[in-house]
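Okay, structure first, notes after.
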Amino acid sequence: MKTLTITRPDDWHIHVRSGAVLKTVLAHTARQFARAIIMPNLKPPVTTVAQALTYRDEILRAVPVGVDFTPLMTLYLTGATTAAEIKAAAESDAVYAFKLYPAGATTNSDAGVADITAIYPALAAMEKHNLPLLIHGEVTDEQCDIFDRERVFVDTHLRAIVEHFPNLRTVLEHVTTTEAVQFVQTAGDTIAATITPQHLLFNRNAVLAGGIRPHYYCLPIIKRERHRLALLAAATSGNPKFFLGTDSAPHLTSLKETACGCAGCYSAHAALELYAEAFERADALDKLEGFASFYGADFYRLPRNTGTVTLEKNSWTVPAFYGENGLSITPLKAGEALSWKLQHYQS
């Protein structure tokens, strides 16, 4: 196959930051995806509809001229989130979900939730108003091995959430383990998961073998090969519970390559190319359109896009960095070759 044309996809989990970083990275997403679920973990976090509208305006100002792109905003769930704010979010045309970060789990999660049972009233209000819950599914107990944190979260928290709120549409973001895949597969239709390109393409050797490679470090951390294979099988299965969410997270190169340990892989520069590479390796390119373009829209109860994008089998080398005027963001697979290249989209 030399070319692949699919319905224009959406990214159901992405970080675009703000300010100069936003202006640097947004064009990468907008040229591929018609819509994207925007993460709210700025500093300070986006916790209200008013803040989300302000952030949305900043994003729209950064969209390149002539490009059709719609940011779908989310609110950061905290212990102080009120039923009134949840109702306002449900009535807003701009807010599409709430994001649950366990406190201390990942980048800018300090304002997150320390006691998940304490936010059950908020989850009940979300269920009532039909607003999806998006979860960074990891426990933060220092005694729990970092490679087990997702599995433990599923067993100790997610099962309880699903039991207490069976009608709450819930997305387990950036799923990484066999156990989490199996949970999503066997749960009801209100449970879904996003899968990132790095978790489909790499196992933990990419992070640790031959020296620490900080630009492959993300949270949840990349796992063993058996987990990667389970994720690949889920993504290419045609099961509508699994859909595209890059979790692309731009960090300055200078911050990734220090002791700070910034978690996140920047993949927006070549998201579709990376997914195409993974699906091709699994001999499942015919399954990419559903995963990338249909299932997420269906879960969020939004219309499927009508435009198309075309990928061409054409090797190219990923730049060493993106940015200018002293701003440098190192992308996933920097300096390496990719076999697919996005050619154009038609709205």
Side-chain angles (χ1 to χ4, degrees), residues 1-14 28-29 32-33 36 150 171-178 180-181 184-185 192-207 209 213 215-218 220-249 264-296 309-318 331-343:
M1 181 180 292
K2 298 297 183 181
T3 63
L4 175 66
T5 297
I6 64 172
T7 301
R8 196 173 179 207
D10 303 299
D11 188 344
W12 298 103
H13 181 163
I14 192 167
H28 289 156
T29 292
Q32 301 174 69
F33 300 106
E150 180 181 89
V171 181
L172 182 58
E173 302 279 22
H174 41 49
V175 64
T176 66
T177 59
T178 301
V181 165
V184 173
Q185 288 171 331
T194 55
I195 306 178
T196 76
Q198 64 265 25
H199 291 108
L200 289 178
L201 286 168
F202 309 114
N203 61 37
R204 63 188 186 178
N205 285 352
V207 186
R213 303 172 72 189
H215 299 290
Y216 288 78
Y217 170 61
C218 60
I221 197 166
I222 296 171
K223 306 295 196 301
R224 290 179 179 270
E225 177 67 1
R226 68 180 181 89
H227 296 297
R228 186 191 72 83
L229 293 174
L231 295 171
L232 189 60
T236 60
S237 67
N239 185 334
K241 286 171 163 282
F242 299 95
F243 42 84
L244 184 154
T246 63
D247 190 26
S248 180
C265 299
Y266 183 64
S267 59
H269 65 293
L272 284 180
E273 292 96 330
L274 290 163
Y275 281 112
E277 186 170 298
F279 276 65
E280 184 179 41
R281 290 181 187 178
D283 195 24
L285 278 173
D286 60 316
K287 302 293 187 181
L288 180 60
E289 185 174 41
F291 175 82
S293 309
F294 296 157
Y295 304 150
V309 295
T310 297
L311 292 160
E312 182 178 89
K313 197 69 177 296
N314 183 9
S315 181
W316 61 288
T317 300
V318 177
L332 201 64
K333 298 201 73 171
E336 300 182 44
L338 286 174
S339 57
W340 288 92
K341 188 170 182 60
L342 181 68
Q343 295 301 304

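In this chain, residues are counted from 1 in sequence order.
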Inset, instruction - Assess the side chains of Thr194 and Glu173: does a donor N or O sit below 3.5 Å from an acceptor N or O? - result: yes
Legend entry - Glu273 and Trp316 side chains, donor-acceptor separation under 3.5 Å: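 Distance-only check fails for Trp316 and Glu273.
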Legend entry - Basic-acidic side-chain contact under 4.0 Å: Glu150, Lys223: no
Legend entry - Ion pair check, Glu277 and Lys333, cut-off under 4.0 Å: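 Salt bridge: yes.
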Legend entry - Arg224, CZ atom: more than 12 neighbouring heavy atoms under 6.0 Å: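 It does not: Arg224 CZ has 12 such atoms or fewer within range.
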Distance from [X] atom [atom1] to [Y] atom [atom2], nearest 0.5 Å?
X: Gln343; Y: Asn314; atom1: CD; atom2: CG; value: 6.0 Å
X: Lys2; Y: Lys313; atom1: NZ; atom2: NZ; value: 7.0 Å
X: Ile6; Y: Asp286; atom1: CD1; atom2: CG; value: 12.0 Å
X: Asp11; Y: Thr29; atom1: CG; atom2: OG1; value: 6.0 Å
X: Cys218; Y: Tyr266; atom1: SG; atom2: OH; value: 15.5 Å
X: Leu201; Y: Phe279; atom1: CG; atom2: CZ; value: 10.0 Å

Inset, instruction - Please work out whether the ring planes of His28 and His269 are parallel, tilted or perpendicular, with thresholds of 30° and 60°. - result: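 His28 and His269: perpendicular rings.
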Inset, instruction - For the pair His174 and His13, name the ring-plane relationship: parallel under 30°, tilted 30 to 60°, perpendicular over 60°. - result: tilted
How close do [X] and [Y] get, heavy atom to heavy atom, and via which atoms?
X: Ala249; Y: Gly264; value: CB-CA, 3.8 Å
X: Thr246; Y: Ala271; value: CG2-CB, 3.8 Å
X: Ala235; Y: Leu200; value: CB-CD2, 3.9 Å
X: Leu244; Y: Ala292; value: CD1-CB, 3.7 Å
X: Val181; Y: Phe242; value: O-CZ, 3.8 Å
X: Ser315; Y: Ala337; value: OG-CB, 4.0 Å

Legend entry - Donor-acceptor under 3.5 Å (Arg8 side chain, Phe33 main chain):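 Pair found, side chain donor or acceptor close to backbone of Phe33.
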Legend entry - Residue among Asn203, Thr178, Thr177 satisfying side-chain hydrogen bond (donor to acceptor under 3.5 Å, both in side chains) with His227: Thr178
Inset, instruction - Given side chain to side chain contact (heavy atoms under 4.5 Å, CB included), test Glu225 with Asn205 step by step and report yes or no. - result: CA-CA 9 Å; Glu225 177 67 1; Asn205 285 352; over 6 Å; no
Legend entry - Test side chain to side chain contact (heavy atoms under 4.5 Å, CB included) applied to Tyr275 and Leu311, step by step: CA-CA 11 Å; Tyr275 281 112; Leu311 292 160; over 6 Å; no
Would you mind reporting whether [Y] and [X] have side-chain heavy atoms less than 4.5 Å apart?
X: Thr196; Y: Ser267; result: no
X: Leu332; Y: His215; result: no
X: Trp340; Y: Leu285; result: yes

Inset, instruction - Evaluate side chain to side chain contact (heavy atoms under 4.5 Å, CB included) for Thr7 paired with Glu289, printing each intermediate quantity in order. - result: CA-CA 7 Å; Thr7 301; Glu289 185 174 41; 2.8 Å; yes
Inset, instruction - Output, in order, the C-alpha distance, side-chain angles, deciding distance and verdict of side chain to side chain contact (heavy atoms under 4.5 Å, CB included) for Ile222 and Gln198. - result: CA-CA 8 Å; Ile222 296 171; Gln198 64 265 25; 4.2 Å; yes
